[in-house]
Protein chains: 2
Amino acid sequence: MDDVAIEAGVSQMTVSRVMRGTGQTSEQVRHRVEQAARKLGYVPNRLATSLRDETTPLIAVVLPTLGNRVFSEVLDGITATLSGRGLQPVFGVTEYSEATEEELVRDLLSWRPQGIILPGLEHSDATRIAIRAAGVRVVEVMDIDGDPISIAFGLSQYAAGQATARYMLTKGYRRFGYIGSQGARDLRAVKRFNGFRDAVRDSGGQILVEHVSDGPSSMIEGRRATATVLSAPDRPEAIYYSNDDLAAGGIMHCLSHGVTMPTDVALAGFNGLPFLEALPIQLTTVETPRLEMGIRAAQHLIDDHDTSEVPRVIDLGFHLIPGQTS
Amino acid sequence: MDDVAIEAGVSQMTVSRVMRGTGQTSEQVRHRVEQAARKLGYVPNRLATSLRDETTPLIAVVLPTLGNRVFSEVLDGITATLSGRGLQPVFGVTEYSEATEEELVRDLLSWRPQGIILPGLEHSDATRIAIRAAGVRVVEVMDIDGDPISIAFGLSQYAAGQATARYMLTKGYRRFGYIGSQGARDLRAVKRFNGFRDAVRDSGGQILVEHVSDGPSSMIEGRRATATVLSAPDRPEAIYYSNDDLAAGGIMHCLSHGVTMPTDVALAGFNGLPFLEALPIQLTTVETPRLEMGIRAAQHLIDDHDTSEVPRVIDLGFHLIPGQTS
DNA sequence: GTGAAAGCGCTAACAC
DNA sequence: GTGTTAGCGCTTTCAC
């Protein structure tokens, strides 16, 4: 910037004013500065601006994984909301590890972001302390079953599982299987299953088999798991999947092996991802407000508001979509 | 940091040394400083470090969209490679707009990243100038058909289209349809189609219909487009899709309407996404090294090396996967 | 309409 | 083993 100032024969201050279009500058000077800047290929240094202003245009975003469309849709909602307002996301991925999250949050906070968006309500003490110490705005997304640090935009995962079970029960199914992934690390999937299981048991139904693989969820994993579950001696009438990818894999298994849905086996998923609409048979699932969670979370961090007045939990709800698989 | 120094009764410099574990510090002092830091909830400010050191641990990443698994896989490769080495991605999405890319690149560069990763080889002059001026390392990914700014890791999109056409031609198809999306903004899809079309014409085949929708690609869009193309009076024997999502939609249309593949119509896609494996019928497609592109790009930015010695184009190749749809 | 000075938080280099 | 100094690039404040 000093170089530009010298080249244009003015002070740094004037260059600063021209670059940002603030204050008073004569047409003449403005022109000379712009020329000089272009000639020297001047690139402003936001580190300096942010250090000086004690504020950054950054929003930190923590995601469990990029391997599921669910989170890239949330991220999409966030980036779309931020981009119009000159804010930038800095993000990181935890792969469902609390320890990774802890380190990641510390790293992200050192950039002094305006705010931070976290997935879910479960975080280590160290994570909570770091966030409190940084005095940064926090929003938690996805889940509302628990105690948010400050505010959460999401849905009741437990209730979603419950609702799915109740629907299946009204359809007459009593003997269920469950297919999940990510071991027990996906805490929201665990909550959904708890809701599902509780509702089933309350009605005298039973969970015959739980098949939770350790790796990430995918259609192919769902297909394999479905083959396994359906070939078990105690074969369930209906299968609840922890998400749509797994459930779609179940559909593929059935289509490929002449298993008729829902008479041979009924299926239900979770998320209501757009690709389901393209399948030959419509999956019973629960539609979640993924984009909206991202948008609302980002908006909350942007907007001015009295923290004390805001409700701590915003339930964005869910919507059971009856399909042809149950 | 000054507060911590006062609390611990030492100088800022000592606090700095303790925090980073560098230099000499007595056990005593170290302990006092750590206590003080914890008590005051000290969070280091990387803006200051980066300004002072004239270097950041940031890698800028530009992506066309998050709506396609292809790019989240590339991003996954990048983040996985960076995270081990204390580097952080800052990213933005262009939605296939060159103007958005220009602005985004300027914004990202103002953070003084170590390097920047761009999709494809086509960028506006302003983008190129900004990058050159910033003196930042650049890697372009996905495509190698053109002139990279510095180095590109990718594959020949034109050759991939050609290879697909040649394979289809050996199978006896001569009358083709093409289904794409994103208008003409997805320049790599355009290159693939050019390769495909040229190869088809060279063999006396013909492209009967080109159906390129303006929106993003999706399975459901592919399903709809396939219905349209197959109901046209001049119905093609085979359809080439600009990617797997669209092609999978085509498969769904055929499965749902009793259209037998490949006898009634043959299909081919592009990318070799994992979900294809789960489908009831295997799609003929071209497998691309998505994760590897991300990993190699990130590694290149991390590694020390003499810029002049490095080849400018790294062809990571592709792999035609014959399926049951052609 | 323009400039000079000061300081944001941190650390390399050099005392002691 | 610890402290002092200076400066990274920018902008707020105040002077002219």
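Each chain gets a letter, A, B and so on, in the order its sequence line appears, and its residues count up from 1.
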| Pairwise side chain to side chain donor-acceptor pair (under 3.5 Å) hits with a residue in residues 74-86 of chain A, at least two apart | none
| Residues Arg106(A) and Ser110(A): side-chain donor-acceptor under 3.5 angstrom | no
| said: Show me the pairs that pass ring pair (Phe, Tyr, Trp, His ring centres under 6.0 Å) and involve residues 97-154 of chain B, at least two apart or across chains. | reply: Phe153(B)-His300(B)
| note | Going 5' to 3' through nucleotides 9-16 of chain D and flagging B where a protein heavy-atom sits under 4.0 Å of the base, S where only the sugar-phosphate is that close, and - otherwise, we get BBBB----
| Which pairs pass ring pair (Phe, Tyr, Trp, His ring centres under 6.0 Å) with one or both residues in residues 17-70 of chain A, sequence neighbours excluded? | none
| remark: So, with a heavy-atom separation below 4.0 Å from DNA chain D, the residues of residues 25-33 of chain B are Thr25(B), Ser26(B), Val29(B)
| said: Just to verify, what does Asp315(A) make a side chain to side chain contact (heavy atoms under 4.5 Å, CB included) with, not counting sequence neighbours? | reply: Ile144(A), Leu155(A)
| query | Is the backbone of Ile149(B) close enough, under 3.5 Å, to the side chain of Arg312(B) for a donor and an acceptor to pair up by distance? | reply | yes
| task | Might you confirm whether atom CD of Glu95(B) has over 12 heavy atoms from other residues, nucleotides or ligands at distances under 6.0 Å? | result | yes
